[in-house]
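Whatever order the structure lists ligands and atoms in, that order sets their numbers, starting from 1. Owing to the predicted nature of the structure, the values given are computational and were not obtained by experimental measurement.
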Amino acid sequence: VAIVGGGPSGLVAGYVLAKAGKKVALFERKLSIGGGVWGGGMMFNEIVVQDRALPILEDFGIRYQRLQEPYLVCDAVETASTLTSRSVQAGLAVFNCITVEDVLMREDCILGLVINWAPVDRAGLHIDPLTVKSRFVIDATGHATEIVRVVQEKVPGRLITPTGRVEGEKSMWSDRAESLTLENTREVFPGLVVAGMAANATFGGPRMGPIFGGMLLSGEKAAHWILDRLEEDET
Ligand code: 48H
């Protein structure tokens with residue numbers, strides 16, 4: 001499985017898949033892994049996590065405080081670094097400083113990624129990319145939804161969304177966001193699953209500010225969906 005984006009949803013997906021013994025690689029454009037977790041809410045270095053995601057915090061060993069039901073508060077730096085280190089320890093291969101610039105597509109199915117060094121991409125150098133094959137790709141690129149948009153360009157109108165296109169992120173609605181993020185975590189094109197904010201942007205879900213439970217749960221759901229499909233492949 002190839003995961004694009006090292007934010008909370010991508011990291012939890014990678015952790016669950018690696019723990020299940022699958023070969024899984026995560027590609028992150030930036031030098032640091034953790035995506036939007038590091039800055040917390042407005043750089044106050046704290047994030048909010050819904051009660052429902054407590055088993056994930058406990059599994060990773062991330063500490064929390066209960067300030068107001070049903071919300072928990074975690075240190076952003078502890079969360080980003082622990083998600084990263086525990087995922088790597090579980091067997092997730094992390095490739096940082098790599099930009100995923102395209103997908104490998106055959107007969108209407110995603111078969112992998114086209115990658116290049118992020119500094120090459122940023123400098124606009126004319127250096128050709130390489131490819132990575134995978135059974136499934138997870139788009140965990142956050143608000144940008146980069147991989148789904150690349151697919152949309154190749155096969156306009158053929159995404160598995162109500163309009164066949166990226167629906168676009170809706171206005172902030174924290175109370176509804178967690179359940180909608182989970183609903184929106186699914187296959188959007190054969191071989192391509194969306195997780196985290198990319199799922200909301202793809203299917204028209206709302207923003208939620210610095211509330212990260214939905215991101216963690218979304219990564220977990222994407223991984224379990226893929227594990228089920230891999231099991232079907234084997235039988
Ligand atoms: C390689 C790439 C590429 C690419 C992007 O933004 P993230 O933290 O993503 P999520 O969905 O796990 O978490 C979202 C959360 O951080 C957030 O923004 C919230 C909750 N917002 C709510 C609100 O109301 O605003 O991480 C995505 C990662 C980043 O590190 C990017 O650098 C990386 O993906 N990335 N890596 N190749 N083409 N595109």
Side-chain angles (χ1 to χ4, degrees), residues 2-16 25-43 45-50 53 56 71 74 76 79-81 83-84 87 92 94-103 112-122 129-132 137-151 153 168-178 180-182 184-185 192-203 205-223:
I3 301 172
V4 189
S9 63
L11 282 169
V12 172
Y15 173 77
V16 173
L26 182 151
F27 300 94
E28 166 56 53
R29 168 186 285 142
K30 292 185 184 150
L31 195 52
S32 64
I33 309 300
V37 175
W38 290 107
M42 266 183 67
M43 279 181 9
N45 273 4
E46 287 183 337
I47 58 161
V48 177
V49 174
Q50 296 91 331
I56 299 180
Y71 297 114
C74 301
T79 306
S81 53
L83 288 176
T84 305
S87 305
L92 173 67
V94 172
F95 296 87
N96 56 342
C97 253
I98 289 195
T99 293
V100 176
E101 58 173 58
D102 202 349
V103 291
L113 301 172
V114 179
I115 61 170
N116 211 330
W117 300 113
V120 163
D121 179 42
R122 285 201 179 159
L130 294 176
T131 56
V132 175
V137 167
I138 300 179
D139 182 342
T141 60
H143 297 275
T145 326
E146 292 196 19
I147 307 308
V148 176
R149 290 185 192 281
V150 162
V151 174
E153 246 177 61
E169 223 170 67
K170 297 291 182 293
S171 176
M172 183 110 73
W173 193 354
S174 305
D175 296 339
R176 292 215 59 207
E178 182 197 70
L180 287 171
T181 306
L182 280 179
N184 293 332
T185 301
L192 177 63
V193 178
V194 268
M197 272 322 288
N200 279 335
T202 300
F203 289 100
R207 305 183 59 183
M208 70 293 293
I211 307 189
F212 283 78
M215 302 300 114
L216 306 176
L217 290 161
S218 170
E220 184 182 59
K221 180 179 172 186

Q: Considering heavy atoms of the protein only, find what lies nearest to atom 37 (N) of ligand 1 and give residue, atom and distance to 0.1 Å.
A: V100 N, 3.0 Å
(Q) Judged on heavy-atom distance to atom 2 (C) of ligand 1, which of E101, E169, R29 sits nearest? (A) R29
Q. Is it the side chain, the backbone, both or neither of A144 that has a heavy atom closer than 4.0 Å to ligand 1?
A. neither
Q. Looking at side-chain heavy atoms only, is the closest gap between V194 and V148 below 4.5 Å?
A. yes
Q. Side chains of N116 and T99: does their closest heavy-atom pair fall under 4.5 Å?
A. no
Q: Decide whether an N or O pair under 3.5 Å exists between R207 and ligand 1.
A: yes
Q. Going by the order shown, which atoms of ligand 1 are within less than 4.0 Å of some heavy atom of F27?
A. 1 (C), 36 (N)
Q | Nitrogen or oxygen atoms of M197 and ligand 1 under 3.5 Å apart | A | yes
Q.
Does any N or O of ligand 1 fall below 3.5 Å from an N or O anywhere on G10, backbone included?
A. no
Q) Does I147, backbone or side chain, put an N or O under 3.5 Å from an N or O of ligand 1? A) no
Q) Just by distance, do the side chain of W38 and the backbone of I33 share a donor-acceptor pair under 3.5 Å? A) yes
**Q.** Which segment of I98 sits under 4.0 Å of ligand 1 when only heavy atoms are counted
**A.** backbone
Q.
Could you tell me, atom by atom, which parts of ligand 1 come under 4.0 Å of a heavy atom of M215?
A. 11 (O), 13 (O), 14 (C)
**Q.** Any N or O of M208 closer than 3.5 Å to N or O of ligand 1
**A.** yes
**Q.** Option set G35, G219, A140, G214, criterion heavy-atom distance to atom 27 (C) of ligand 1, minimum
**A.** A140
Q.
Any nitrogen or oxygen of I211 lying under 3.5 Å from a nitrogen or oxygen in ligand 1? Just yes or no.
A. no
Q | Close approach, P8 and ligand 1, non-hydrogen under 4.0 angstrom | A | yes
Q | W173 and M208, any side-chain heavy atoms less than 4.5 Å apart | A | no
Q. For ligand 1, which atoms sit closer than 4.0 Å to a heavy atom of F212?
A. 15 (C), 16 (O)
